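Position 1 is the first residue of the sequence, and the numbers go up from there. No experiment lies behind these values; they were computed from the predicted model shown.
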Amino acid sequence: MPRKSLAVVSSVLMLASIGAAASATSAASADSAAAAGPALSVNVAAGRHAINRDIYGMNFAPARLESQLKLPVVRWGGNATTRYNYLLDTANHASDWYFENIPNTVKNPAALPGGSTADQFIGRNQRDGADSILTVPLIGWAPKSRGQTCGFSVAKYGPQQSTDPFDSDCGNGVNTSGQDITGNDPADTSRRAGASFVAKWAGYLDSKYGGAAAGGVRFYQLDNEPDIWFATHRDVHPAGATYSEMLSKTESVASAIKSTDPAAKTIGPSGWGWSSLFYSGSDQQYCASHGCGSVPPDMARHGGVPFAAWYLRQLRAHQQQTGVRLLDYFDNHWYPQEANVFGEADDSATQALRLRSTRMLWDPRYVDQSWINQPVMAIPRMKQLVAQNYPGTKVAITEYNFGALDKIDGGLAEADVLGIFGREGLNLATLWSPPAFSDPGAFAFRMYLDYDGKGSGFGDTSVRAVSTAQTTLAIYAAQRSSGALTAIVINKTHHALASPLTVSGPRDRPGVPVRPG
């Protein structure tokens with residue numbers, strides 16, 4: 001049972017604390033300067049389970065970072081991908097930018113769909129060895145042309161509170177009295193795009209890049225945050241999506257994908273956050289203006305069963321009836337709801353809040369310090385929903401961000417999140433709005449994927465790692481297939497800590513050292 005004193009001051013494998021002196025010349029001098037920290041222990045024989053490398057993914061990763069880290073998976077997602085027309089390489093940017101259709105700049109528009117930005121995204125991922133997650137529309141609409149058009153024309157629908165500074169005819173859909181404009185024509189920007197549209201796109205991708213089993217697009221995401229279409233895409237979908245609409249569209253679009261490429265994996269329903277587990281878009285829209293009460297109307301029409309549980313049960317029933325699994329990954333997006341955490345605020349209070357807010361991903365004792373005001377336990381909660389309602393479905397978080405990735409505390413929070421993902425057995429995750437190449441957030445990924453620039457990373461089998469004060473000094477440990485033990489320790493204080501580390505458990509193979517990385 002090896003035991004040693006571990007000084008957490010540097011960024012070699014043990015991440016530095018905020019403001020701690022990272023320039024200590026030796027472990028001995030660090031020990032003498034460091035305060036006593038909590039005891040740490042690793043048991044190689046306990047808590048063993050595989051770590052899925054797909055948890056180390058990003059959305060729209062910068063090319064240099066994707067290549068250097070050899071990211072396992074990269075996602076094409078966000079509001080603009082809900083209404084993307086692959087034939088025209090044009091997306092509607094929804095409420096993010098005045099409900100405008102904006103064509104992407106490509107070298108040869110006449111060659112489309114060949115050479116589109118989606119094609120370039122998939123091609124680069126193939127070259128870098130990353131799997132692609134491609135968002136496909138459930139909403140039923142896509143841009144009708146490569147022309148730059150908008151959902152709420154000032155000339156057609158009257159003066160509005162805000163207009164595009166580059167095109168004064170494109171408004172934000174809110175009149176000068178502060179009321180949402182209603183009754184606009186979706187055909188101003190869009191045409192119908194149902195399951196057959198998705199099937200044709202998947203068929204095109206199969207013919208160009210090979211199917212999922214041959215190195216082509218491995219994942220298809222069933223839209224992006226469809227439970228808030230009534231806000232983000234209200235120019236074409238002003239009424240919140242109901243339980244029944246979500247199931248019907250999932251069944252039709254996922255069936256089209258599976259028929260085209262049976263090896264492809266589907267991801268959904270990809271709600272925006274906490275409310276998505278309980279309420280349909282219809283109920284979220286109702287609750288915003290009426291208050292929810294104990295059982296809002298759409299939930300009441302479905303036996304009082306929360307949305308996610310009902311959705312999973314129906315898809316399980318579909319598989320039992322047809323033999324076809326239409327949903328491979330149960331996905332939800334998770335952003336911290338505490339004030340200023342998801343952002344660039346970096347005062348000392350926000351730093352401390354950011355570093356403890358990661359507990360919402362797992363800790364049943366952590367009451368979320370936001371309007372949620374109760375334990376979130378995001379990953380255990382999602383896994384329990386799957387176990388109870390559709391066993392065998394994997395669990396994903398395709399958007400998350402705990403803020404300030406360009407700051408030390410943001411990098412530490414990201415390292416903590418990646419450790420949590422592995423320990424809790426998440427199957428897939430992609431960071432939204434990835435860091436720049438030299439940001440602390442990028443170095444958090446390097447700790448797990450390539451901390452020495454030679455391909456060395458965190459182990460692929462999680463083992464039990466315990467800190468007597470995880471909120472002060474967090475520890476994660478894993479064993480490589482070679483037998484070597486790696487550990488990442490994250491100091492969440494502003495000073496250096498020296499902690500005893502105990503390592504126990506049998507070696508996998510004689511002669512292979514069990515050693516902290």
Are K258 and D328 ion-paired here, with the side-chain N under 4.0 Å from a carboxylate O?
yes

R325, CZ atom: more than 12 neighbouring heavy atoms under 6.0 Å:
yes

Student check: side-chain heavy atoms of E424 and L361 closer than 4.5 Å:
no

If the plane angle is over 60° it's perpendicular, under 30° parallel, otherwise tilted; pick one for Y311 and F307.
tilted

Please determine whether side chain to side chain donor-acceptor pair (under 3.5 Å) holds for the pair T358 and D416, giving the CA-CA distance in whole Å, both sets of side-chain angles, and the decisive distance to 0.1 Å.
CA-CA 7 Å; T358 60; D416 197 29; 2.7 Å; yes

Is any side-chain heavy atom of S456 closer than 4.5 Å to one of T486?
no

Please verify the inter-ring angle class for Y84 with W201; under 30° counts as parallel, over 60° as perpendicular, anything in between as tilted.
tilted

Parallel, tilted or perpendicular: which one describes the rings of H302 and Y243, with boundaries at 30° and 60°?
parallel

Please lay out, stage by stage, how E251 and H318 fare under the test side chain to side chain donor-acceptor pair (under 3.5 Å).
CA-CA 9 Å; E251 289 180 337; H318 183 279; 4.7 Å; no

Side-chain touch Q384/M377, heavy atoms, less than 4.5 angstrom
no

For N401 and L431: C-alpha separation, side-chain torsions, deciding distance, then whether side chain to side chain contact (heavy atoms under 4.5 Å, CB included) applies.
CA-CA 6 Å; N401 189 313; L431 171 69; 4.1 Å; yes

Row check, F437 ring normal vs R446 NZ/CZ: under 6.0 Å, within 45°
yes

Indicate whether the side chain of T398 and that of D331 have a donor and an acceptor atom separated by less than 3.5 Å.
yes

Where do Y476 and F458 land on the ring-ring contact (aromatic ring centres under 6.0 Å, His included) test, with the steps shown first?
CA-CA 9 Å; Y476 305 97; F458 200 52; 7.7 Å; no

Pair V198, I257 - check side chain to side chain contact (heavy atoms under 4.5 Å, CB included), show working.
CA-CA 7 Å; V198 175; I257 292 168; 3.8 Å; yes

Kindly indicate, with the supporting measurements, whether the criterion side chain to side chain contact (heavy atoms under 4.5 Å, CB included) is fulfilled by T471 and R356.
CA-CA 7 Å; T471 58; R356 66 176 176 268; 5.8 Å; no

Between Y56 and F445, ring centroids under 6.0 Å:
no

Can you check side chain to side chain donor-acceptor pair (under 3.5 Å) on S276 and D227, steps first, answer last?
CA-CA 7 Å; S276 310; D227 54 321; 2.6 Å; yes

Are F421 and Y400 close enough that their ring centres sit under 6.0 Å apart?
yes

Taking the side chain as every heavy atom from C-beta outward, state whether L134 and L205 have any pair of such atoms under 4.5 Å apart.
yes

Looking only at side chains, do D298 and S280 share a donor and an acceptor under 3.5 Å apart?
yes

I want to check something: taking the side chain as every heavy atom from C-beta on, are W76 and T117 in contact at a cut-off of under 4.5 Å?
yes

Does any donor atom in the side chain of R218 or N125 lie under 3.5 Å from an acceptor atom in the other side chain?
no

Indicate the atoms forming the closest heavy-atom contact of A378 with W334, along with that distance.
CB-CE2, 3.5 Å

Do L449 and R53 come within less than 4.5 Å of each other through their side chains, counting heavy atoms only?
yes

Is it possible for you to check whether R83 lies under 6.0 Å from the centre of the six-membered ring of F99, through NZ or CZ, and within 45° of that ring's axis?
no

Geometric class of the F60/W432 ring pair [parallel <30°, tilted 30-60°, perpendicular >60°]
perpendicular

Under 4.5 Å between any side-chain heavy atoms of N79 and H93, yes or no?
no

Between K407 and E344, does at least one N-O distance fall below 4.0 Å, as a salt bridge requires?
yes

Closest heavy-atom pair, A413 versus L355, reported as atoms and distance to 0.1 Å, is N-CD2, 3.7 Å

Would you call E399 and E225 a side-chain contact if the rule is heavy atoms closer than 4.5 Å?
yes

